[in-house]
Amino acid sequence: MSNVYEPREIEPRWQARWKSADAYRAKNPGEPGFDPAQKKYYVLDMFPYPSGSGLHVGHALGYVGTDIVARKKRMDGCNVLHPMGWDAFGLPAEQYAIQTGKHPRETTNENTQNFKRQLELIGVSYDWSREVDTSDPTYYRWTQWLFTRLFERGLAYRAQVPVWWCEELKTVLANEEVINGRSERGNHPCVRRPLSQWMLKITAYAERLLADLDGIDWPESIKIQQREWIGKSEGAEIRFALAGHAHETLTVFTTRPDTLWGATFMVVAPEHALVAKITTSAQRSAVEAYVAAAASKSELDRTDASKTKTGVFTGAFALNPAFDAADPRAKVPVWVADYVMATYGTGAIMSVPGHDERDFEFARKFDLEVREVVRAPSGSKALADGACFTGEGVAVNSGPIDGLATKLAKAKAIQLLEQRGVGKSKITYKLRDWLFSRQRYWGEPFPLLHLEDGTTVAVPDDELPVLLPPMDDFKPASDGSAPLARAQDWVATVDPKTKRPARRDTDTMPGWAGSCWYWLRFMDPSNAKQPFSKEAENYWGPVDLYVGGAAHAVMHLLYARFWHKVFFDAGIVHTSEPFQRLFNQGMVTAFAYQGADGRLVTSDEVETKGDAYAKRGSGEPLTQIVTKMAKSLKNVVNPDDIIAEHGADTFRLYEMFMGPLADSKPWNTRDIPGCRRFVERVWRLFVDTENDKPIRAHFAAGAADKAIEGDTLALEKSLARATKRAEDSFQALNLNTAIAGYMTFVNDATPLVSSLSRSQAERFLRLLAPFAPHLAEELWSRMGMPGLIVQASWPGADVRYLIEDEIDLPVQVNGKLRATAKAKKTANSAELEGIAREAVASHLAGKEVVKTVVVPGRLVNFVVK
RNA sequence: GCGGGAGUGGCGAAAUGGCAGACGCGCGAGACUUAGGAUCUCGUGGGGCAACCCGUGGGGGUUCGAGUCCCCCCUUCCGCACCA
């Protein structure tokens, strides 16, 4: 046994030992050794796409954080579920496979092996017996089974709808996967195309997805993003008759039915079905040109709010139901303009330029009437000032609702519309149904059969899984048709019920499908009869702490909540929400260097000159900036390299010591030696390196413990403070302060090591164990402590030692610190004031003390004139 | 434009309204060494180099006391963005 700290020897040894002891195995109810008295704790990482480039230190940040929490919870006596798996289906895996020319099955296996190797290197305490791979038939069998439940409930339907198509990726994409008209993955341009696709009726859950956000402990920013994405608006639907078209009506949605009396024109989206019907012959060529131009514009151009408004008059007029048909105000022109979205509301609006910015801008440009119908409260900018007023006020020029405040005016207007049968109250959501099919190879096949009679039925549960057919050429077809359609022997099958010929559905599910329920599979991962047992779900659900990046705010986290609610309705799970607490880890950024012209220089070309940076060779001065890690900047850091040099414990400590888990912060390899030195100091605190002995004699098994007095008492207090700080740090997950506390303790203990008792030493190791488990385990073993430290209990802080009997009393004069005096902790106000007065006597001389503030146990402040 | 987060030493960062800069990096000086890129000790916000003054993006305010609470502004990161 070497008495020099050698992580490369220590770490693999303990990792093997933990594995052979099955130290991180979580037991389900009913299993031998299951203890019903233990509380359960489910701490989950967002499982990764096993990409070809492996883990970098940013992924590891979250994994180290949850690992420390999991280890702490085990020490607290909880039955901890802390699993890991692979989100292996989907576009990235398939693209990587295409790039390398290998089958995705093969690359996925290689990549998951590499990820697992990296995670094991870090020493994370996953229960690997629960590992899942979403692309494994034993897993996707149940994804298909759960999809069937959605299908049975009418939540999956096939529809010809305008969907996003990405030519570069040769696939359709969900709304959530398209940002400003470009693909979320790869940033390729996308266009809308009407295609027949599988849709999931997430809109049926819009209200519950919104309302249930209130009951979960999630970051407010994520809740806001989900609320905005769901986009609930309350208002009214109003039907306008069209002059000269007795059988057509123009229906609009508005959140301000109270402004109906101010609607001076109508606007329909270029895609609106009525455009062709109502356009007059005089306007036809202009309208057709406008519609054609709108269709050819990119989504980005269409939706750019900063551009000036465009539009064309259709020649048609609508009749505002607020007015009698004979009233000259009733007849309003109908325009086509692309600032109205075809996909929201009814694709048409009533324009109230007096009280809507966009309508106001449009009316100004085309010289349309602006009528005031809401009087602004005095003091705010109103129509009279040449501005449009969008706030709440009092209705004017509005006949029956005149004089009513906006809230009442809305209600009254809706009531009038309903009485007259021309409108009703209406709630609209921005949320669209979820485009759920892809014409790609690497995904779950839909467990559906198309029968001869044109109907579609689910494959019976006992015929699942529907296996992906093995294909050598899995590339997407250039025309967008499904690759699975080329597997003709696979497509042609027989309906098990009728024994009649049937054709398999050739679409696959999107990458999100597997992640819509994986936290449930982890509860009971090898169940061959069900996706998971009721007992397992009842016990483990819901996830107590879910940690991952904020990037999934409206995709995975919304989809997962949706599926979970469907399961809840189907009686498959017992909670309506899957993740009780969500925590977003911050991004690990990296330094990058730029020249005076702003050009970035790859990090291997940079040299340090004291506090300054320069380009190697040329000596050009560079400035340090903070960016995302990027291959092109060569500033991506791989944990493997750090661990090879310093070991996993140092790596883990540095990841956490950088700052609070939630914060974004730059990786700085230069800072790592600080954590390495701490690890070495701990080592030397325990190991008798001077005499080349494995442990200091007074820490060895059987050594007599020391009485808690003198220096040992001082160390007891220091240890209590470190314990308290560590415990506090688990609340906000600012584990950096826990490590700082440990460093302080080691700094205190090092010069007094002969006074450090065996009990104090072993308790410190237990504090350290969640953070640096290998080091703690090695020293624990050298002390002759029984069992594994990773299965030991957390030592609580003894509050008696947190109380100081003597404090440093800050004494202020006019709020400024003038002296620090020693005072008994128990001293009363009068005694403190006396001590304080003496300490700052020179500052009080010749001054009048107007007021004295004494905060017992804290400070004294004299206010003088 | 709207919403959210964040601005504290040369750097990462601490701080229930109560001693700003804990802990660490870097840097400086010294000790021990054949040697030091090991280890240890001391120092390290700025200015005077003392007993003092100034300091948490800027400006106001509340308070005996503000990095922390309130108002206005600036910078920056993230999200959304013509949603009627």
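Worth saying up front: this structure is predicted, and the values here are computed from it rather than measured. Residue numbers begin at 1 in each chain, while the letters A, B, ... track the order of the sequences.
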Requested in this report: Give one of base, sugar-phosphate or nothing for A:Ser351, where a contact means two heavy atoms less than 4.0 Å apart.
Outcome: nothing
Report task. Answer yes or no: does a side-chain N or O of A:Arg681 lie under 4.0 Å from OP1 or OP2 of B:G24? Result -> yes
Report task. Indicate whether OP1 or OP2 belonging to B:A84 is found under 4.0 Å from a side-chain N or O atom of A:Tyr344. Result -> yes
Query - For A:Phe651, ring pair (Phe, Tyr, Trp, His ring centres under 6.0 Å) partners two or more places apart - result: none
Query raised in the report: To the nearest Å, how far apart are A:His355 NE2 and B:C82 P?
Result: 23 Å
Requested in this report: Take atom CG of A:Asn175 and atom P of B:C80, then tell me their distance rounded to the nearest Å.
Outcome: 13 Å
Query raised in the report: Quick one: A:Trp683 CH2 to B:C40 C1', roughly how many Å, whole number?
Result: 20 Å
Query raised in the report: Would you say the base of B:U16 and the side-chain of A:Arg858 have a donor-acceptor pair closer than 3.5 Å?
Result: yes
Query raised in the report: Between B:C19, B:G12, B:G65, which nucleotide gets closest to the side-chain atoms of A:Leu817?
Result: B:C19
Query raised in the report: Quick one: is B:C40 close enough that its OP1 or OP2 comes under 4.0 Å of any side-chain N or O from A:Arg677?
Result: no
Query raised in the report: Nearest-Å distance, CH2 (A:Trp335) to P (B:C82)?
Result: 22 Å
Requested in this report: Check every strand shown and say whether A:Arg818 touches a base, only sugar-phosphate, or nothing at a heavy-atom separation below 4.0 Å.
Outcome: sugar-phosphate
Query raised in the report: Taking the side chain from A:Asn734 and the backbone from A:Thr737, do they hold a donor-acceptor pair closer than 3.5 Å?
Result: no
Report task. Name the nucleic acid region contacted by A:Leu859, choosing base, sugar-phosphate or nothing; use a 4.0 angstrom heavy-atom cut-off, strictly under. Result -> base
Query raised in the report: Between A:Lys665 and B:G12, does any side-chain N or O lie under 4.0 Å from OP1 or OP2?
Result: no
Query raised in the report: Closer than 4.0 Å, any side-chain N/O of A:Ser233 to the OP1 or OP2 of B:A84?
Result: yes
Query raised in the report: With both distances kept under 3.5 Å, what pairs with B:G37, Watson-Crick or G-U wobble?
Result: none
Query - Span that lies between the P atom of B:G65 and that of B:C73, in whole angstrom - result: 27 Å
Query raised in the report: Would A:Phe591 and A:Trp667 satisfy ring-ring contact (aromatic ring centres under 6.0 Å, His included), going step by step from the backbone distance to the final call?
Result: CA-CA 7 Å; A:Phe591 291 121; A:Trp667 181 273; over 10 Å; no
Query - A:Ile222 CD1 to B:G3 P, straight-line distance once rounded to whole Å - result: 18 Å
Report task. For A:Pro673, answer base if it contacts any base atom (sugar-phosphate contacts may also be present), sugar-phosphate if it contacts only those atoms, and nothing otherwise; contact means non-hydrogen atoms under 4.0 Å. Result -> nothing
Query raised in the report: Looking at A:Asn747, does any N or O in its side chain come under 4.0 Å of the phosphate oxygens OP1/OP2 on B:A22?
Result: no
Query raised in the report: Atom CG of A:Asn814 to atom P of B:C53: distance rounded to whole Å?
Result: 11 Å
Query raised in the report: For B:G1, which nucleotide in any strand shown is its Watson-Crick or wobble partner with both distances under 3.5 Å?
Result: B:C80
Query raised in the report: So, for A:Val268 and A:Ala348, which heavy atoms are closest and what is the spacing to 0.1 Å?
Result: CG1-CB, 3.7 Å
Requested in this report: Ignoring backbone atoms, establish whether A:Lys816 has a side-chain N or O less than 4.0 Å from OP1 or OP2 of B:C54.
Outcome: yes
Query - Note: A:Lys365-A:Glu361 ion pair, threshold 4.0 Å (strictly below) - result: no
Query raised in the report: So what does A:Arg432 hit on the nucleic acid, given a heavy-atom distance under 4.0 Å: a base, only sugar-phosphate, or nothing?
Result: nothing
Report task. Tell me what A:Val340 touches on the nucleic acid: a base, only sugar-phosphate, or nothing, going by heavy atoms under 4.0 Å. Result -> base
Query raised in the report: Would one find a side-chain N or O of A:Asn736 under 4.0 angstrom from OP1 or OP2 of B:A14?
Result: yes
Report summary line: Paired to B:G45 by Watson-Crick or G-U wobble criteria (both distances under 3.5 Å) is B:C54
**Report entry** Aromatic A:Trp261 / basic A:Arg371 pairing, under 6.0 angstrom, 45° off normal
**Finding:** no
Report summary line: pair_partner(B:U62), Watson-Crick or wobble, both distances < 3.5 Å, evaluates to none
Report task. Answer with base, sugar-phosphate or nothing: what part of the nucleic acid does A:Val855 contact at a heavy-atom distance below 4.0 Å? Result -> base
Requested in this report: With a 3.5 angstrom cut-off on both distances, give the Watson-Crick or G-U wobble partner of B:A6, or none if there isn't one.
Outcome: B:U75
Query raised in the report: In whole angstrom, what separates A:Leu685's CG from B:C40's P?
Result: 12 Å
Query raised in the report: Could you state the CG-C1' distance from A:Leu735 to B:A13, rounded to the nearest angstrom?
Result: 14 Å
Query raised in the report: Base, sugar-phosphate, or nothing for A:Gln812, non-hydrogen atoms under 4.0 angstrom?
Result: base
Query raised in the report: Hey, is the main chain of A:Val853 close enough, under 3.5 Å, to the side chain of A:Asn861 for a donor-acceptor pair?
Result: no
